[in-house]
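So that the names make sense, note that chain A is the first sequence line, chain B the second, and so on, each numbered from 1. As the structure is a computational prediction, the values presented were derived from the model and not from experiment.
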2 protein chains.
Amino acid sequence: MVNPLIRKLENFTRLSGQDKHLLSEFLHEGIRHLGPREDIIREGERPQSVNLVLSGWACRYKYLEDGRRQIIAFLVPGDLCDNNFFLLRQMDHSIGALTPISIAQIPRHRIEEVSLHHPRVAQALSWEALTSMAIQREWTVSLGQRDAQERLAHLLCELYLRLRAVGLTDGTSCELPLRQAELADALGLSTVHVNRTLQELRASQLIMLKGKTLTIPDLNALRSVAQFTPTYLHLEHEGRHLDANE
Amino acid sequence: MVNPLIRKLENFTRLSGQDKHLLSEFLHEGIRHLGPREDIIREGERPQSVNLVLSGWACRYKYLEDGRRQIIAFLVPGDLCDNNFFLLRQMDHSIGALTPISIAQIPRHRIEEVSLHHPRVAQALSWEALTSMAIQREWTVSLGQRDAQERLAHLLCELYLRLRAVGLTDGTSCELPLRQAELADALGLSTVHVNRTLQELRASQLIMLKGKTLTIPDLNALRSVAQFTPTYLHLEHEGRHLDANE
DNA sequence: CATCCACAATAACCCATGTTAAGGCAGCTT
DNA sequence: AAGCTGCCTTAACATGGGTTATTGTGGATG
């Protein structure tokens, strides 16, 4: 298994052998394995290191006092959970595993060392932070303006492209190890309505979803339902252009 | 007028005289004055510098094809509009002025220089980026889970505390130069419903809002309506604790 | 000082989505 | 193989908030 972070960063820039070596050393410091519903880090804790998802899915989430839960972000292989968060006194949200997951714990000093002495890698890590902000902004747009069908279709497009960027798609399919309740908490909808909306997308032949496998037979069709524009993922660098259907 | 960025960063850390000197030099490079509805930077452009709000209000926003608009963030004095965005090929959203506004254009090389040679200032700028991400996450929670009254109350608490952090409150009052249509686009509600909800908050004596002045006679009361917890603003550093009513 | 104009305030009606409740089904467990 | 258990599906009904339309209001302008 190649370090999915390297794979992801190569969507932004070419990395030298030395850069990759540096990044692959991130893995040697301590790998944790967690099961579904276990927390990687919890609201209120003080983060001391940076967690990198190697395999499996996780999510940021926050509970309100009365039990409502919002899933704030999904984290897939190659995603950094909390880059730079050690600057803060405490986590303002929790991060939990959704599937069995393995994560590398990267000690703070390694990150700081890289950002001091390896500007190219530091830049790539900044790019990863910028795209995760861009994704958060796009979620704001979805939750504020898009209706249920657009919102769901938009999320599925995003997840498919993010997985493709780290080599985790297979033709027109990818894993989608989420329960409808988790989709609901991410989309700000009820589980019942997520179910209805999935039925609609299925009926329109826009998606197939059996078990934990999602198939998008015609990505452009789904994109147009969602008004999805992939720009915000910032996956194309100079001279390289993404064909969303490729 | 003191550089509001310095004022803001001092909520995170103590800055030396030299640090402050460095930061105040950010202002000398080019100050732009824009009127309401003028854009600071537009979706699709390639950012070449970093914009700092000195006075006035701005917002990030994005239009969907059919004219729906989401306001993604409000920017008040001391906020950096697009720190590090020059790493990206293009803006994935626009930033526009809401009031007459003055902004400093900080050239890319100044920022890079600081992050290479002045780690304390670089850390402070990272902190500012981390808090703006935290605010974005909290907006995700609001849009996904909170009903209209909670959402509005939450936003007002947030804005009041952010303004207080840069010295722009006066007792229990602050400026709120937003039209109801802008609140609506930020909250994912219709203008009609924003109006209804403002009436409710007024009727409950939770806020007073005449002209462009907002008064929150009892911040804790408004906080409890919103289930507002200020942690995510990360305004208290070691040894210093915020009294939300102070 | 009359007229605009942008914005705020209300009212009447409607619909997308929430809520509650009741099956259904597949994969474990004993 | 019977019975759980967790999740998906569906139905009936309720409601928060949207839509459309009209009126009010205060500050700018000729």
Closest approach to the side chain of Ser190(A), judged atom by atom: which nucleotide of dT9(D), dT19(C), dG18(D) is it? dT19(C)

Nearest-0.5 Å distance, CE of residue Met133(A) to OH of residue Tyr232(A): 14.5 Å

For the side chain of Val192(A), starting at C-beta, report the closest nucleotide among dA11(D), dT10(C), dG18(C). dA11(D)

For Lys212(B) and dA8(C), what is the distance between atoms NZ and P respectively, to the nearest whole Å? 6 Å

Have a look at Leu189(B) and say if it touches a base, only the backbone sugar-phosphate, or nothing, with a 4.0 Å heavy-atom cut-off. sugar-phosphate

Between CZ on residue Arg223(B) and OG1 on residue Thr229(B), distance to nearest 0.5 Å: 6.5 Å

Please pick, from dC7(C), dT10(D), dG17(D), the nucleotide with the shortest atom-to-atom distance to any side-chain atom of Asp147(B). dG17(D)

To the nearest angstrom, how far is Asn195(B) atom CG from dA8(C) atom P? 8 Å

Any sub-3.5 Å donor-acceptor pair from Asp39(A)'s side-chain atoms to Ile41(A)'s backbone N or O? no

Remember a base hit wins even if backbone is also touched, and classify Arg151(B) as base, sugar-phosphate or nothing at under 4.0 Å, heavy atoms. nothing

Please report whether the ring centroid of Trp139(A) lies less than 6.0 Å from that of Phe74(A). yes

Base, sugar-phosphate alone, or nothing: which one does Gly211(A) contact when heavy atoms must sit under 4.0 Å apart? nothing

Leu198(B) CG to dG17(D) P, in whole Å, measures 14 Å

Whole-Å gap separating P (dC8(D)) and CG (Leu152(A)): 13 Å

Could you check how far NE2 of His193(B) sits from C1' of dA21(D), rounded to whole Å? 19 Å

Rounded to the nearest angstrom, tell me the gap between atom CD in Glu200(A) and atom C1' in dT17(C). 11 Å

Looking at the base of dG18(D), is there any donor atom on it, or on the side chain of Arg196(B), that sits under 3.5 Å from an acceptor on the other one? yes

What integer distance in Å separates Arg179(B):CZ from dA8(C):P? 7 Å

Residue among Gln70(B), Arg69(B), Lys62(B) satisfying side chain to side chain donor-acceptor pair (under 3.5 Å) with Gln145(A): Gln70(B)

Expressed in angstrom and rounded to an integer, what is the separation of Gln199(A) atom CD from dT17(C) atom P? 16 Å

Does Arg146(A) reach a base, just sugar-phosphate, or nothing at all? Heavy atoms under 4.0 Å. nothing

With sugar-phosphate meaning primed atoms plus P, OP1 and OP2, does Arg68(A) contact a base, only sugar-phosphate, or nothing at under 4.0 Å between heavy atoms? nothing

So, is Gln180(A) close to the dT9(D) phosphate, meaning a side-chain N or O under 4.0 Å from OP1 or OP2? yes

Proximity to the side chain of Arg37(A) - top-ranked nucleotide from dT10(C), dC7(D), dT10(D): dC7(D)

Nearest to the side chain of Ala148(B) - dT17(C), dT10(C), dG17(D)? dG17(D)

